[in-house]
Structure formats: C-alpha cells, structure tokens
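Residue numbers begin at 1 in each chain, while the letters A, B, ... track the order of the sequences.
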Amino acid sequence: MPKYNHQELEKKWQAAWLATELDKTEETSDKPKYYCLDMFPYPSGAGLHVGHPKGYIATDIISRYKRLNGYSVLHPMGWDAFGLPAENYALANKVHPRVATEANIATYKRQLSMIGLSYDWSREINTTDPEYYKWTQWIFAEMFKKGLVFESYEPINWCPTCLTGLANEDLDNGKCERCGSEVEKKPMRQWVIRITDYAERLLADIDQLTDWEESIKEMQRNWLGKSEGATLKFAIINSQLTVEVFTTRPDTIFGATYLVLAPEHELVAASKELISNWLEVQEYINKVKNKSDLERTDLNKDKSGVQLKGLMAINPVNQQEIPVFVADYVLAGYGTGAIMAVPAHDERDWDFAKKYNLPIKQVVESGVELGDRVMTDAGVAINSDFLDGLATPEAKTKMIEHLEKNSLGAKKINWKLKDWVFSRQRYWGEPMPLVFCQACKDRASFDNDGERLNPGWFVDANLPVRLPEVESYQPSGTGESPLANISEWVNIKCPRCGGEARRETNTMPQWAGSSWYYIAYAMRSINNDQLTMINYREVLDKWLPVDMYVGGAEHATRHLIYARFWHKFLFDIGVVNCSEPFTALRQVGLILAEDGRKMSKRWANVINPDQIIQSHGADALRVYEMFMGPFNQSVAWSTNGLTGARKFLDKVWNLSEKLSDEADSREIERLLHKTIRKIGADIESLAFNTVVSALMILVNAWTAEAKVNRVNFRQLVILLSPLAPHLAEELWQLSGADSSVFKQTWPMCNEELARDDKVNLTVQINGKLRDTLELDFDSEESVVRELIASNDKVQKWLAGQEIVKVVFVKNKLINFVLK
RNA sequence: GCCGCGAUGGCGGAACUGGUAGACGCGCUGGACUUAAAAUCCAUUUCCAUUCAACCGGAGUGAGGGUUCGAUUCCCUCUCGCGGCACCA
C-alpha cells in the first residue's frame, strides 16, 4: 500500500478530470437543473489568499453533492475585470490595464484550479471581453430606449484622487470606497439610470426572498429607505414665492413653528430682495459650503442656522405666520430640501428650537409629559383643530385627505435610494453605446422614449462598441474620459443622417458587467450570433433563477441591488421569466489571519493557498476551511487546525489498508447510516463544520476496528468526495472500481439500519440527572419503573420522599418530582 | 440614535421540534515507541469541594428575573461585542 502522497495524487486527478471533461455542464432535459454560483472575483494583482476560496469550496461541495444526487448542475466561474481597482493597479505598475488584467486572471485561474474546484471552464466569462460587454451595452441600450437613462447636470460625488464621478453606492461614509479620499460635490454632465423607478418593486419583492439571510434583506430595506408622508406648500408673505416641504408626520402640521431650508435651497437666493440680514445669511452659507459632507453630518450633530429676517411663511392649515431659517441640518438632496419644524415631536427640531429659543407647541399626547423632553412617539392629536382626538395613524390619513382636497399638498413617498450615476470619466470600462448628432436633434424626430428624453442622443446599434487603444489612459480630471482624446474614435459619421456626430466618451461603472453575469453563463448553452437576448429565452428559462448564490456580505447594497434591478428590467422586456435572479443567498464569513486581524499585506499576515496546497494538500485545505466554524462566521486561521484536518484524511487513507469482505459490526453499520442521513441534511443547510465532524466520528470508530468492510467503505468514499475530491477519487480506484467516484449515486440512508435498538434513558429527580439506564428501544414506562425499583442509586434519592408527579418521555427520560 | 446578528471550557465550536451541556478539532498534561527528536498511538482535560484512589456531592451556557416536572433552547429587562444605516424630516 503506497503512502498518501497528496501532491502526486492531486496533480494526477486534476489532469484526468480535465481530460475526461468531468466538470462540464450536463445539458440534459431528463435531470432537474441546479444552478450554483459564486460571486465572481476581480482579479487583483496580489493573487488569492487563503480566505478567498472559502466560498468557492462551499459551492463546489454543493455542486458535487447535487450532481451525485442526480442533478444537472451549472457551476461556472469568471472575472469581473473592468473598473477602478484593475485600472488603478495598472496605473501604479505602469502597464496597460488589459495586460495587467490578463496576467492577474492567469494567476487566479491557476490558483483556483489547484484547489480542485469543479468549474465548467468552458463557460468562463470576462467582463472586459468585447463578446461579453456587447451584451452589457445591449442591456444599457434597451434601458435607454425605454427612457430609463437620462443625461443630467446635477452635482454628483467626485473623487479627487480617482478623478471620476461616483454613485452613492460607491461611497463609504462620505469617502471613496476605493481609495478613501473624501469626495466632493461637483456639477458635471453625466448619464443616470432611473433605478428609483424600480424602488417599490425592489422593496416589495424582498419579502419573496425567503431563502436569503435576514441581515442582507434588512440592509437592502435600509438602503432603499422608503418613507411615507406628504408634501405641502407654505406661501411666503408679501411675495409669489412658496416653499414645499416633505414630512412623514402630516399629523403634526398644527405644531409647525418655523420652516428650515437647506443652505443650497433655491428660495434663499430667489428671495434675496426680501431678506433684511442678507450679509449674515450669505456668510453662513459660505461657511457651510466649506464644510465637507462628512463634517456636516458629524460634529456631534450640533445644530447651527440663521433666520431669514424679513421672510415669513404661512402655515396652510391654520394661517399662522412662522419664521424661516437656513440650517445645514436640512439636506438639500433629500425630500424637497426644506422642512417644517415641529420641535415638540422631532428631535432635531427640538435641539434647534432650544438653541435659538423658538416656540415649541405640543400637538400629540401620549401619556408622557412633554416637559424637558421631545416626544416623537405616536399618540393622540391635540391642539390640532379637526384632528383632535384622533390617533396618530388616523390623524395622518385625515390630514392628507384635507391637504389633497384643498390642493395644499399631497401624499408622497420618499426614498433614500438615488438614481444611479452611471458615468465614469475613466478609461477601463465599457464604452457607452451612445451617439450625439446635432442635426438629428434639430430635426426632432424620435424613435423611442430615450431619444425623446435626451434629444440628439441615440443608441449605436452596431455592438460591441469597442474600447479603443489609447496612448495615455491616465484620467484627465476634466470630466471627459481619456477616450475624448481619440478624435478618430469620437468623431463619426452619424449612423442616421450621415452628418457629423460624436460618441459618448464616458465609460460605465464597475458594477455594470457584474449586474447580469449570471445570465451570461447560461447563455453559453447555445451559440447564437443574433444580437438580442430574447433569442436565448429557452436556455435562460431552463437555468434561471440561480438556485444557490454564495458571496461576501459587502455586496448587499451594491451588486445585489443592481443585479436585482437589471434582472427586473430584463423580466419586463421579456428576456427572463422570473422576477428575482437569486433564489437562495448565503454569506461567507471571513477568514482572519492567525493574529485575529484581517489578512493584509499591510500586516504581513497573509497566507497563500499555494503553500498550503504544497505542504498539506488541496483536500486538507478544503476540509479545514469547512471545519473551521459556521460557514457564515468570521474565524481566525489556525495552522494547527489545518494539521488536524490533514490527520483526519490520513486516517481515512489508513482505513483503506484493512479492507475486507467481512461484514462490519452492527454498531458500525448503524453509525454509517446515521452519518449518511446527517451529511445530506447538513450539506443542504451549509453546515459544513458538522459534516466534517460527523465524518470524523465515523472514521474514528472504524479506526478502532480490525477490519473495514469494502462495500461500506466505498459509501464513505462517496460521502467524502465533495469535500476531498482528490483523495476520494484515489480511494475509489484503490478499493476497486474504474469509473469515477463522481459518476456514482449518493448513498441512501437505510432507516432500518440507522435505528437504535438500545437507548440511554435519563433518570431525573426534580429535573436533576441521577442515573442513566440502557434500555431496549421503545421500552414502556412500566418496564422503566420496575428497573428503577431495584436501582440503589435512584432509590437512595427516593427513600422516604413523597412523589408528586412522574414525567415519562419514551426513549428520552423519566423525571420524578418530589414534594 | 435606529435596524439586524451574536455571547457556551484554555481556543474554534456542537447540542434535533425544551429532555444526559461541552460532540468534533486544536491546545495543555501524562504515558508508550525512539539513542534522541519529529511523526504516530494511548489516556486525561468545564469549574469547585472531597479522597490514597474510585464512587458519591455542588455549581455551571454574558447578567438578573419569569414560564415549565425540566431552559444553551421560549418570554421580559439589562450588559457587552460584531455588522449595517445614520441630522433622511
């Protein structure tokens, strides 16, 4: 018997599986489908560390398990290679992003292959491949035609280091998520996608996602940030001006004692003539402008503001005159950029009113005395005319009716979600397939909503619009991408009228290519050179939705919202037939370094999987990472733990040295079948740590025996094969078969064999353990009572005591309750 | 501040719909093998008290309370930790 040589054996089987196309997706119609997907990585320059494969190992186990259970499984992998990280890396290392990306992909692929992951590499995708991004452009073009894309000049988030505009989702606490620079607000021409049109569905359909982790759903709800309320208009005395405000508490309008405008609010400048302290106001606004967003929202939330003297507003429900302020605690970008302040029932208004000695008028009563504290809870309306006596929810409804009936305001829903700023002034991204022609604009004949919305702009139907080569791909910082310098690319003959036209030079953001990539893998089932996704309907119907999607929680509010949005759009235009892309979603917990910190070059604590595979083997790495702890939890790496996993594999190997045709003991058979039952259930629920421990228990039991039954052993090998595929395949061959272990069927639990015929029954007195009895399965209470009558240990406790009650649970326990 | 998740030996963790808490792995300690070490194997390992030793006893799943014959598990209050959102009206 040879020794377990992991290096030789893993290399051998990886080559063999490749040669026999073992991992290729089975396109059969007689097996149920299962689509098991990882979040594809961006291939960074550093290569993989030992934490990255954890999720990939899990999906590999599930995929192999499902195949053994008779599913045809789609389990693909690809590369999210456009975007800032790839480009910044390329800039820093003075190579073309394409060259750097290709090199990084090669490294990643080599590392992943060494782990023995059963990806169908024939479906590999790369978001930077023109054959891929022509579809990214196609979807964008369809959105444009439907009027979901528009050109805008609003101030957007601008990263002064990356020299590009960013979406809200790209910010981390007011800083660029990539480089950590504080972002600025910069007015700029840009393309924006109306994701807010889908906000209601994105929120409502979260409830359908019953197989998603609650935390991620909650993050999405937070991010979407729906709030229901009303808008209403306040007229400014002695002028034609009005101020519109948004409130979620229309029931408290009678309690409004002043208005507050955001410093950027247009009314401030518009009413300059009426304001008597203009200098003071201007000074305040300038001071605020110099504060960053971060400072404005931080600083202990200390309120500041200035009254607009000379301006008075009229409360539309009671005609009361109230003063108007500017203050930076009101944000220009949310609601209408103006609020009515109800200091009695809003914490921020309360703070402001206290600081500037403004009147506080209570209009809701809830049992608690208003006194020194703000009261934000629901209650009953008071001092509110026709609302008096109504509970808060009814008062809200009644007030909205009143506002609408008298044209004072209307019901309104606000979202924190903003439309998606989709332009990047960078080189390394998908070109937008848009063309502008002045002549066509002047002619004003439009084919679709997008053209009507953006006169002169239309889609270049000749896809892909290829990313051209440039001399310098340094970002310019001017608001144009480096593509703007290539006049022969930018200036084209108008495809419509043949006149002078120009291409859009902004590129798409990082998230574009990843918003639909799971569809691309399924499209690979057929060849089709027609440029519409509708032609793929048949294979998309077959493979979608994704049954199991595994990845990091950091994508909860970015990728996962964008992908759900694109999917719903594709559903609306008839490309896919399901309204949600991912049926089940699971988070991977991080693997921390041995010192408990994140693995990072900075701490010099990174462990490279190549070394581990060299020293302990890919199978040991796989088993260890699954055994470390609950799958979704962060756990620190432990080299000793890894050694433990390897020892377990050695034990399995050693079992194969004592194979025999003799039957195993009844106990071993029982344990084997219990293990079969447990492992199936645990893989389904991603409880991989207990899968490993159950296998260890079985192997330990067998290790103590002199012989191991060959047939039973081969069942163990199948159970082991998703976790440790190389070792399992080798043992499968050694124990006597020629076809692959992965062509077998998953063992069935024989319930008859798994059943216990003896049970340990707990004897308790007043709920305390006093003894355990070994009994036949399903022994009746009378039998147990009889045994106990002659049991000294128990009788000692019962002697001279009055038994009040006896609780008997078959096969579990008997409990004597004493007085 | 709001929302979500969590807290079990020296460490990672296990425990089905409430029913023997600490499975499995690591580490520690002792022993076998060895000239020696590594590797391997065997044994011990929640804490306290007691004993030459064994049995026996008590406490124990972040803290306090409750429901129950019985609570790591269910309910209430609190503390701490992690994650998300955050002057969003």
So what does [X] touch, heavy atoms closer than 4.0 Å: a base, only the sugar-phosphate, or nothing?
| X | answer |
| --- | --- |
| A:N700 | sugar-phosphate |
| A:L813 | base |
| A:W637 | nothing |
| A:V807 | base |
| A:R646 | nothing |
| A:K217 | nothing |
| A:T247 | sugar-phosphate |
| A:G335 | nothing |

Side chain of [X], base of [N]: donor and acceptor closer than 3.5 Å?
| X | N | answer |
| --- | --- | --- |
| A:N815 | B:C69 | yes |
| A:K303 | B:C87 | yes |
| A:Q764 | B:G19 | yes |

Sticking with atom [atom1], work out how far [N] lies from [M], rounded to a whole angstrom.
| N | M | atom1 | answer |
| --- | --- | --- | --- |
| B:G1 | B:U73 | P | 27 Å |
| B:G60 | B:C5 | C1' | 26 Å |
| B:C24 | B:G9 | C1' | 14 Å |
| B:G10 | B:C48 | P | 10 Å |
| B:A15 | B:U46 | C1' | 16 Å |
| B:C28 | B:A86 | P | 47 Å |
| B:U67 | B:C16 | C1' | 23 Å |
| B:A53 | B:C69 | P | 42 Å |

Quick one: does NZ or CZ of [X] land under 6.0 Å from the six-membered ring centre of [Y], within 45 degrees of the ring axis?
| X | Y | result |
| --- | --- | --- |
| A:K354 | A:W350 | yes |
| A:K303 | A:Y329 | yes |
| A:R770 | A:F816 | no |
| A:K361 | A:F254 | no |

Specify the separation, in whole Å, of atom [atom1] of [X] and atom [atom2] of [N].
| X | N | atom1 | atom2 | value |
| --- | --- | --- | --- | --- |
| A:I814 | B:G70 | CD1 | P | 16 Å |
| A:K805 | B:U68 | NZ | C1' | 9 Å |
| A:E781 | B:C69 | CD | P | 16 Å |
| A:K54 | B:G12 | NZ | P | 14 Å |
| A:K768 | B:A59 | NZ | C1' | 9 Å |
| A:L590 | B:G83 | CG | C1' | 11 Å |
| A:M696 | B:C26 | CE | C1' | 10 Å |
| A:Y329 | B:A86 | OH | C1' | 16 Å |

So, [X] side chain and [Y] main chain: donor-acceptor pair closer than 3.5 Å or not?
| X | Y | answer |
| --- | --- | --- |
| A:N315 | A:V317 | yes |
| A:H6 | A:Q614 | yes |
| A:N654 | A:D650 | yes |

Can you tell me the base-pairing partner of [N]? Count Watson-Crick or G-U wobble geometry only, both distances below 3.5 Å, and say none if there is no partner.
| N | result |
| --- | --- |
| B:G6 | B:C80 |
| B:U34 | none |
| B:G1 | B:C85 |
| B:C24 | B:G12 |
| B:U44 | none |
| B:U50 | none |

Side chain of [X], heavy atoms from C-beta onward: which of [options] has the nearest atom to it?
| X | options | value |
| --- | --- | --- |
| A:K812 | B:C16, B:A89, B:C69 | B:C16 |
| A:R770 | B:C56, B:G58, B:A89 | B:G58 |
| A:T248 | B:G25, B:C24, B:A89 | B:A89 |
| A:M219 | B:G83, B:C26, B:A89 | B:G83 |
| A:T690 | B:A15, B:G13, B:G27 | B:A15 |
| A:S693 | B:C24, B:C26, B:G84 | B:C24 |
| A:E214 | B:A23, B:G4, B:C56 | B:G4 |
| A:N689 | B:A14, B:G12, B:G58 | B:A14 |

Please figure out whether A:N222 or A:T772 has its closest RNA chain B nucleotide nearer the 5' end. A:T772

Position toward the 5' end of RNA chain B (nearest nucleotide), A:T336 or A:L769: A:L769

Which residue is it: A:W223, A:W511, A:W420? I am looking for the one with a side-chain hydrogen bond (donor to acceptor under 3.5 Å, both in side chains) to A:E169. A:W223

For A:S634 and B:C82, is the shortest distance between a side-chain N/O and OP1 or OP2 below 4.0 Å? no

Give a yes or no on whether the ring-centroid distance for A:Y258 and A:F352 is below 6.0 angstrom. yes

For B:G9, decide between syn and anti, treating a glycosidic angle within 90° of 0 as syn. syn

